[in-house]
Amino acid sequence: MPLDTSTYHLAHLRLDGRRWNELRRFHALLSTQASADGSSYLESGNSKVICTVTGPSEQRRSGAPASNAQRDSAQIIVDISLAGFSGVDRRKTARGSKDRKVMEMQHCVEECFGGVVLGHLYPHSVVQVNVAVLSQDGGVLAACINAVGLALVDAGVPMMGYVAAVTVGSTGTGGGSGGEGEDADDPVLDLNGLEENELPFLTLATVGGGGDGGGDAGEGDKVNVLVMETRMQMAKLESMVAVGLEGCKRVRALLDAAVKGHGKKVLEGKVG
Amino acid sequence: MANGMEATPMLLFSPAAFAKLTPVPFLQAHLKQPTPTRPNGRSAQAFRQPTVNTGSLTHSDGSAVVRVGNTAVVCGVRAEMLLASDIPKPPPTSAAPEHCIEELGLLVPNLELSTGCSPAHLPGNPPTSLAQSLSHRLKSLLHSSNILDINDLRIDYTEPATDPDVPDEEPKTVTKAYWTLYLDVLCIALDGNAFDAAWGAVVAALRNTLLPKAWWDVDHEGIVCSPLASEAHKLSLKDLPIPSTFAVFSTRSPLKQDEDAETWVLADPDGFEEAACKEFLTVAITQGRNGKGSILKLEKEGGRCIGATEIRQCAKLAEARWSEWEIALRGS
Amino acid sequence: MAPYANLPLSPAELSYLYSSLAQDPPIRPDGRSATQFRPLIAESNILPSANGSARICFIDGTEAVVGVKAEVEQTHENHLVAQNDTRDGERTGRPDPSSAGSWFEISIEIPGLRDDDALPVFLAAMLTEALLGDGELTLKLRINNRFHWRLYIDVLLLSQPLSYPLPLLSLTTHLSLLSTRLPALISEGDEDPLFSDDWEASTFLYTQPNSNAAGKLHQSKPPITLLVISAGENIIFDPSRDELAVAEAVVAISIRQNLLGHMEVVALRTIDAPSRLTASGVPRSLDATTGTNASVSNADAQALREEDEGQSVWRPPRGGINRAKLSQMMATATMENGIGQEVMGGLAGVQGS
Amino acid sequence: MASNQPISLPGQHLGTTETSNVGAGTHIQSGHIYSSLAGALTSSTATTKSGNGKKPTTKQRPSVSVTRPSGAQLLPEVGTVVVGRITRTGPRQANLSILALGGNGEHVISPAASSSGGDGGGFPAIIRQQDIRATEIDKVKVGESFRVGDVVRAVVISLGDEKAYYCSTARNELGVVLAVSEWGNQMFPASWREFVDPATGLGESRKVAKPA
Amino acid sequence: MQADRRRANAPAGGTAPPFFATIPRESLKRPTRTRKPDEHRKIFLRTGVVPSASGSAYYEVPPESDHTSDGLLIPSSSSLKITCTVHGPRPLPRNAQFSPNLLLTTNVKFAPFATRQRRGYVRDASERDLGVHLETALRGVVIADRWPKSACDVVITILEGEEDCFWGSAPQGSDASKGKAGGWGMMGVLAGCITVASAAIVDAGIDCVDLISGGVAAKTTSLGAATDGGALILLDPAPAEHDISAACVVGYLPSRDELTEIWMKGGVGGHSEALIDGAVRSATLASTVLAEAVKEAAQSRLGVSGGDDAANGALKGKDTAMTG
């Protein structure tokens with residue numbers, strides 16, 4: 001059943017009742033697992049992700065053939081697994097033969113944090129990141145990036161700043177019809193699963209540049225990840241990126257709040 | 001034992017230790033005796049006696065256990081149905097029937113060495129190159145010898161004269177399905193010359209195979225088989241090809257004159273001899289009704305020590321070997 | 001080698017640990033009693049997209065999530081083609097042995113291990129046979145003569161397997177099955193099933209079978225699997241990783257509550273004790289650096305080690321478990337108000353998030 | 001060997017530690033001695049040889065032991081004299097493949113015990129440069145002591161690492177026992193450091209084992 | 001499944017096992033148990049069958065009734081035929097870490113023709129599971145600390161495996177009953193694997209604390225002298241003969257009276273101890289055969305100089321066994 005977005009600009013509300021630039025419920029926890037060096041749990045709407053970080057630790061002796069290039073800085077290895085029950089239909093994910101989409105996500109997250117983590121502080125070492133996607137409802141890649149960032153913070157891995165990720169979609173067909181009815185084409189922030197299936201969208205992540213994270217940052221923000229796999233009119237890109245940047249800023253504030261909240265609890269001795 | 005080893009009089013090594021430490025001189029010393037005797041006690045031309053037992057496996061349509069010396073091989077034949085409608089590229093009807101079996105891939109021989117039969121082929125690894133080449137050689141000999149008749153494997157259906165309205169519209173016979181034979185050969189113990197033993201097991205198992213009576217069932221739109229043993233039929237094997245393998249042991253080396261080198265041809269090599277030799281020859285013989293043997297296939301690999309004379313001798317030995325196998329297979 | 005077996009404990013530490021566990025009463029490193037479970041954090045019904053789900057965190061930091069999904073599947077009619085035959089009334093094919101127990105499927109994912117590694121395969125088999133038990137679950141999955149539910153139970157271990165993960169995975173599976181709900185059936189008889197799309201009307205997979213039946217029937221519950229070890233004369237439940245490293249025998253006992261409210265054993269397996277992989281110590285008399293006697297022959301050295309029998313230095317245990325101890329383990333696990341009921345009772349009180 | 005020798009099976013009770021000493025092929029379980037092999041049971045009272053500084057009480061009792069039917073020792077241990085073939089030589093060490101145990105190769109390593117996939121099988125071992133000779137160890141050159149293919153008698157000095165045993169030839173009776181010349185001929189030992197090819201008369205240097 | 005390029009594969013169209021017409025009911029005879037409930041089927045066991053291995057053994061349990069008499073192509077019962085070879089102690093594999101003890105690995109594989117349904121060449125989950133069970137059983141018996149930094153491979157090939165249930169009883173039975181009928185044959189196979197591996201390990205001369213043997217007992221509700229509240233405990237059940245509701249396998253050390261392996265499943269009810277005791281009795285029966293075979297092999301190797309003749313004798317013994 002195609003998603004009917006015709007009412008979006010009329011009611012200024014989306015199917016789940018959000019406004020066009022509203023984020024979904026964002027809930028993040030740090031240090032959820034005692035046995036890992038760093039861990040996080042992140043809910044973004046109905047997308048739920050658990051991330052654990054082990055390391056920085058010594059490089060394994062065997063395997064890791066590609067490690068030679070990375071000897072002078074820490075290597076980040078990301079392993080994402082989509083649980084069989086995470087989608088609407090149960091899907092058997094055979095290990096070892098991960099599908100291309102997941103491999104790409106892994107690579108994307110690795111690249112994203114490769115440039116943010118101050119890896120040169122830990123030569124000859126490995127940071128192993130495991131991400132388990134428990135529930136998928138849109139913005140999985142963004143949720144993974146946000147969760148990995150939190151877990152790395154929890155593990156005490158030094159980074160240049162928070163990486164905040166968000167998805168932006170565009171209403172309207174976005175296809176060849178271009179021309180008339182452009183008023184209906186508005187960017188929408190943080191798509192849910194239904195919207196993601198129907199609308200062209202991109203995932204955007206920025207790394208905070210200087211500033212104090214939550215406040216007036218934005219000037220120094222740098223786009224870190226931009227992934228788009230759907231066809232869309234060139235002209236819309238700019239407005240979507242603009243909305244995305246704004247969204248990233250808000251996500252960054254939420255991440256910052258989560259970290260600070262956790263830190264506060266630690267200081268108060270509520271959490272180990 | 002002493003000959004060939006006089007160079008080192010202070011050693012008190014046992015024959016087993018010599019064989020392990022210096023296999024090539026050890027074998028050479030044995031063959032240099034006045035009457036060349038191999039370490040296993042056989043003369044150069046002697047084969048090991050094959051023994052054949054058939055029909056011991058419950059869940060196979062045909063089976064055989066073949067033992068040649070310390071090499072033991074089990075073969076089970078499993079027949080399954082290949083529906084003609086499932087064949088992606090049916091061979092043209094004009095194709096020669098003798099190529100049909102190969103075209104359709106109705107014979108699926110696999111030789112497995114990873115059964116613990118030898119420490120060199122432990123399980124947990126993909127099939128070794130030896131296992132792959134043996135499977136391939138079995139397959140190629142099965143096809144080139146044309147041992148099976150496609151008619152045994154075909155399940156035909158004569159379409160009845162259909163509606164009376166349509167005046168007899170070619171009441172023809174169509175092939176609805178083929179039997180596919182899975183020939184699973186497991187090497188239980190390996191002591192050289194797996195190919196001859198494996199082939200013996202395949203032939204014995206095929207001779208033992210009973211295929212159920214099968215017909216196309218219109219209502220069910222499938223092939224139905226009769227469970228009664230009395231209705232089943234045996235395969236008619238056209239003839240009996242028997243391969244004989246020889247190993248060539250030579251002292252030839254690039255540092256010496258070829259004339260100085262000595263060469264022995266060893267029939268039916270065991271595991272130790274296989275390891276010490278580099279050159280092998282397999283002669284497959286088949287014997288027609290007239291009792292005259294004919295060479296079906298010659299396979300030769302490695303080395304350049306034997307010539308036409310030796311090959312002729314080997315062919316003669318292989319012919320004699322054919323009778324030995326024939327008796328063993330007939331007795332089973 | 002299994003990851004949980006890789007322990008950096010010295011022979012001296014192993015020896016110390018073993019002798020404290022063999023005391024009467026046993027002294028456990030974390031001060032628990034022999035039948036005490038480690039504290040855990042549990043929540044159920046955590047995933048909106050699954051029919052049932054649960055998450056459990058042990059105090060040592062190991063964590064597992066289980067999601068249960070149900071799909072409707074046609075029941076195979078035994079290849080039976082009801083037709084006339086010239087010979088007899090009906091036909092039959094060979095039975096399909098693979099259909100046995102295929103109404104639910106457990107898959108286990110452990111980080112760093114492949115699907116077909118021995119550990120996940122073994123754990124999945126263990127959990128499966130506990131659930132198969134006496135066939136109660138299979139009955140629950142039946143919709144009508146032609147259709148049944150097919151359950152996919154995906155077990156995710158989120159942390160490295162620090163100790164033997166079986167109890168964690170079993171408890172999480174138990175909890176997720178307790179929270180599993182199936183849509184209510186609207187259709188009747190053997191017609192194609194039709195379900196109510198009202199989630200509120202859905203029924204729990206594990207409920208009291210018939211509320212109008214005799215009141216003393218208890219709620220049936222999915223089984224749980226407990227890990228028990230023996231050390232000396234003692235039997236110890238829920239061993240930690242260190243305790244496993246000195247265990248003489250490790251047994252996994254699956255128990256369930258029957259309709260009368262009693263606990264009963266549904267499956268049992270021995271597990272390879274990681275202690276057998278530990279290195280033995282060198283008796284002082286043989287140690288070339290400290291001992292006076294560095295020149296003993298190999299045969300004498302072996303004799304000396306044998307005579308020591310692991311008394312003065314650590315030696316990996318040999319042999320197995322005797323039947324009396326095994327019976328004691330089963331009895332303790334299924335005891336009235338014993339550890340089995342205690343654990344199940346504790347999990348029953350877990351609220352959905 | 002007499003065929004009427006008593007056979008004992010694993011788990012068979014052989015006495016208590018009070019009455020007998022534990023020997024090879026047996027084990028002790030709570031004070032009782034049991035067999036751990038299937039083989040011939042022997043009981044020996046000759047325990048005087050083990051008298052160097054041990055508890056005196058062990059001397060008087062007979063010691064029971066069970067020997068494998070093949071009589072074979074299965075693994076090299078520290079102190080075992082072994083025979084093997086050189087598989088590689090380098091500047092610091094020579095690699096040896098242990099093919100038989102005992103000074104005259106009494107116990108051949110069965111093919112089943114050899115390492116899979118290696119050349120010729122056998123237990124991998126290393127002879128380090130400093131373990132080749134007993135004297136002037138800093139002047140020894142590996143290449144002048146061993147060549148690939150030489151049959152060497154050596155003694156195990158350490159179980160080594162996960163890959164190789166460590167062996168030594170630093171004794172007179174240890175070293176190369178069989179060698180083939182560059183021309184492919186069997187050579188004679190000519191001196192403590194040279195083999196001679198009888199066909200060509202040329203000598204090649206080796207660490208030669210003193211003929212028994 | 002993707003095609004394995006290293007093996008010969010099925011034709012591209014794919015094949016199906018033959019579909020048989022229904023057998024007239026009167027000729028469909030379920031094999032019946034003729035031995036007593038506490039009696040074991042005849043066991044044939046011989047060691048030293050594979051000369052190139054350090055140790056080897058062959059195990060066979062023929063069916064009580066001969067299936068050829070009923071004139072059907074479909075066998076009504078199956079026998080159990082297992083070969084086991086032991087390679088080692090041998091050097092550690094190259095990728096292994098230093099181990100102070102013997103590193104025992106097991107590998108259990110069914111031959112493609114071992115069961116009613118043709119099996120593949122790659123080990124499946126049930127075969128891996130069997131391997132783990134066997135490893136557990138053997139690790140407790142072998143005195144591993146006498147074999148530092150060495151490995152030992154126990155390789156088992158099942159030429160013919162026991163079945164899970166009676167094939168002919170499937171048709172009308174509801175799937176619910178079928179669903180839980182699974183895997184009884186595996187338990188008999190495991191018991192055989194334990195016994196044959198024990199013989200092969202002892203044949204290889206590896207120190208063991210005891211002669212371990214495997215045994216199975218099952219609880220059945222099929223007719224028969226009902227004892228113990230309607231349930232009957234049977235030793236050495238042949239799944240084709242009984243409707244099994246629970247079963248137990250043990251690896252039993254007779255002289256220590258200990259168990260290194262227990263595997264029990266099914267609707268055990270309150271009979272868990274009776275099942276274990278039954279399995280132990282079954283294992284004791286197997287252990288007498290095992291002890292005899294091991295002793296005989298040791299005797300012949302001691303008596304006859306050189307092991308070759310003994311091995312040949314054993315091979316001939318196997319011949320006769322496999323014909324019959």
Side-chain angles (χ1 to χ4, degrees), chain C residues 1 75-76 78-80 85 87-103 116 118 121-122 124-125 129-130 132-135 138-139 142 145 148 249 251 264-273 276-280 302 315-316 318-323 326-327 330, chain E residues 17 19-25 74 99-101 116-117 125-126 128-129 131-132 135-136 139-141 143-146 164-165 167 170-173 175-183 209-210 245 251 253 256-270 272-273 276-277 280:
Chain C
M1 198 188 297
T75 305
H76 284 291
N78 306 312
H79 311 260
L80 197 115
D85 186 356
R87 203 177 290 104
D88 197 0
E90 50 177 10
R91 301 201 176 91
T92 174
R94 296 184 180 191
D96 176 14
S98 65
S99 77
S102 64
W103 284 14
D116 52 358
V121 167
F122 187 81
E129 65 198 28
L132 275 174
D134 56 0
T138 323
L139 287 177
R142 187 177 171 280
N145 282 334
H148 62 257
V251 181
E264 61 180 27
V265 176
V266 282
L268 190 145
R269 280 188 183 212
T270 42
I271 285 164
D272 193 17
R276 301 214 174 102
L277 300 172
T278 55
S280 54
Q302 193 191 319
R315 194 183 74 175
R318 295 170 180 171
I321 180 172
N322 65 34
R323 273 184 276 170
L326 191 67
S327 304
M330 291 192 288
Chain E
F19 182 94
F20 283 93
T22 306
I23 299 154
R25 226 140 280 285
I74 313 168
S99 159
N101 302 325
R116 221 170 267 278
Q117 198 133 31
S126 65
R128 285 170 194 276
D129 193 28
V132 176
E135 203 171 300
T136 309
R139 282 250 174 93
V141 180
I143 305 182
D145 51 337
R146 288 195 183 165
D164 284 340
C165 55
W167 66 277
Q172 279 82 23
D175 273 87
S177 70
K178 222 170 128 197
K180 57 173 185 167
V209 292
D210 205 341
S245 60
L253 315 182
R256 290 168 78 103
D257 189 22
E258 284 178 349
L259 306 162
T260 54
E261 159 70 19
I262 310 142
W263 180 21
M264 179 160 69
K265 64 175 188 176
V268 179
S272 49
E273 290 191 27
I276 292 173
D277 285 345
V280 164

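Note that the structure is predicted; figures quoted are calculated from it, not measured. Heavy-atom basis, side chains included; hydrogens, waters and symmetry copies ignored. In what follows, every chain begins at residue 1, and chains take the letters A, B, ... in the order their sequences are listed.
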**Q.** Distance, nearest 0.5 Å, that separates CZ of E:R256 from CD1 of C:I321
**A.** 12.5 Å

Q. Distance from C:R315 atom CZ to E:D145 atom CG, nearest 0.5 Å?
A. 6.5 Å

Q. Do you know which two heavy atoms are closest between E:M264 and C:E129, and how far apart they sit?
A. O-OE2, 4.3 Å

(Q) Quick check for you: among C:G319, C:A279, C:A125, which has the greatest number of heavy-atom pairs under 4.5 Å with chain E? (A) C:G319

(Q) To the closest 0.5 Å, what do you measure between CZ (C:R318) and CD (E:E258)? (A) 12.0 Å

Q.
Does C:R269 form a side chain to side chain contact (heavy atoms under 4.5 Å, CB included) with E:T136? I'd like the steps, not just the answer.
A. CA-CA 10 Å; C:R269 280 188 183 212; E:T136 309; over 6 Å; no

Q | Shortest non-hydrogen contact from E:N101 toward C:T278 | A | ND2-O, 2.8 Å

Q.
Between E:I262 and chain C, with a heavy-atom cut-off of 4.5 Å, which part of the residue counts as in contact: side chain, backbone, both or neither?
A. both

Q | Pair C:T270-E:L259, side chain to side chain contact (heavy atoms under 4.5 Å, CB included): steps then yes or no | A | CA-CA 9 Å; C:T270 42; E:L259 306 162; over 6 Å; no

**Q.** Interchain contact, E:R139 with chain C, by part (heavy-atom threshold 4.5 Å)
**A.** both

Q. Does the side chain of E:D277 come within less than 4.5 Å of C:R323's, by heavy atoms?
A. yes

Q) What residue, out of E:I143, E:L253, E:D210, has the most heavy-atom pairs lying under 4.5 Å from chain C? A) E:I143

